[in-house]
Amino acid sequence: MFKNIPSVNIQAFAALALFCVSLFLARMIVNIQSGKWPGNEMWITYLRVVLGFTFAASIGLGFYSFAGIDILFGRGGL
């Protein structure tokens, strides 16, 4: 199914998926801080670290996708 899709497009989709995960994590952090969801400061710190990594990964994959460089699968390039 994915054989006909260019690998850079799959990489761009992965970047969008990671960005959506980042938005979900940010919403989780806000809900825990406001008291709507159970949790403590340790969970908030952990989720902020995970949020930073997922957001950085989405930015990196997105920039490389726009440049046409495939870093996810290692095929092709400029």
Side-chain angles (χ1 to χ4, degrees):
M1 179 176 160
F2 292 114
K3 286 185 177 181
N4 296 332
I5 300 173
S7 58
V8 175
N9 289 354
I10 295 173
Q11 181 175 302
F13 180 71
L16 285 173
L18 283 171
F19 183 72
C20 289
V21 169
S22 297
L23 291 176
F24 177 71
L25 287 171
R27 176 54 59 188
M28 284 177 62
I29 292 168
V30 167
N31 285 337
I32 291 172
Q33 280 182 335
S34 67
K36 291 180 184 176
W37 291 4
N40 55 15
E41 289 297 320
M42 193 63 166
W43 268 108
I44 292 173
T45 304
Y46 172 73
L47 289 175
R48 282 183 179 170
V49 169
V50 174
L51 173 65
F53 281 115
T54 57
F55 191 62
S58 69
I59 289 172
L61 285 175
F63 281 152
Y64 277 108
S65 294
F66 282 123
I69 301 170
D70 182 16
I71 62 168
L72 196 59
F73 299 108
R75 298 183 301 226
L78 288 177

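Note that the structure is a prediction, hence the values are computed from the model and not measured.
- Nearest heavy-atom pair across Ala15 and Ser58 is O-CB, 3.4 Å.
- Under a hydrophobic clustering in which Ile, Leu, Val, Met, Phe, Trp and Tyr are joined whenever their side-chain heavy atoms come within less than 4.5 Å, directly or via other members, Leu72 and Phe66 fall into different clusters.
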Check the pair Leu23, Arg27 against side-chain contact (heavy atoms from CB on, under 4.5 Å), reporting the backbone distance first and the verdict last. CA-CA 6 Å; Leu23 291 176; Arg27 176 54 59 188; over 6 Å; no
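- A single hydrophobic cluster is not seen to contain both Met42 and Leu25; linkage of ILVMFWY side chains at heavy-atom distances under 4.5 Å, directly or through other members, places them apart.
- A distance-only check finds a donor-acceptor pair linking the side chain of Asn40 to the backbone of Trp43 [under 3.5 Å].
- If you take CZ on Arg48 and CD on Gln33, they are separated by 4.5 Å, rounding to the nearest 0.5 Å.
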Verify side-chain contact (heavy atoms from CB on, under 4.5 Å) between Leu16 and Leu18, making sure each step is shown before the conclusion. CA-CA 5 Å; Leu16 285 173; Leu18 283 171; over 6 Å; no
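- Panel note: side chain Gln11, backbone Phe73; no donor-acceptor pair is recorded below 3.5 Å.
- Smallest separation of non-hydrogen atoms from Ala14 and Leu61: CB-CD1, 4.2 Å.
- Hydrophobic cluster membership is shared by Ile44 and Trp37, with clusters built from Ile, Leu, Val, Met, Phe, Trp and Tyr side chains linked at under 4.5 angstrom.
- Take Phe53 and apply the ring pair (Phe, Tyr, Trp, His ring centres under 6.0 Å) test, not counting sequence neighbours, and it matches no residue.
- Asn4 contributes atom CG, which lies 12.0 Å from atom CG of Asn9 (distance to the nearest 0.5 angstrom).
- Of all the heavy atoms in Asp70 and Val8, the pair that sits closest is CB-CG2, 4.2 Å.
- By the criterion of side-chain heavy atoms lying less than 4.5 angstrom apart, applied directly or through intervening Ile, Leu, Val, Met, Phe, Trp or Tyr residues, Ile10 is grouped together with Ile69 in one hydrophobic cluster.
- Heavy-atom minimum distance, Ser22 versus Leu51: O-CD1, 3.1 Å.
- Leu47 and Phe24 fall within the same hydrophobic cluster, where Ile, Leu, Val, Met, Phe, Trp and Tyr residues are linked whenever their side-chain heavy atoms come under 4.5 Å apart, directly or through other members.
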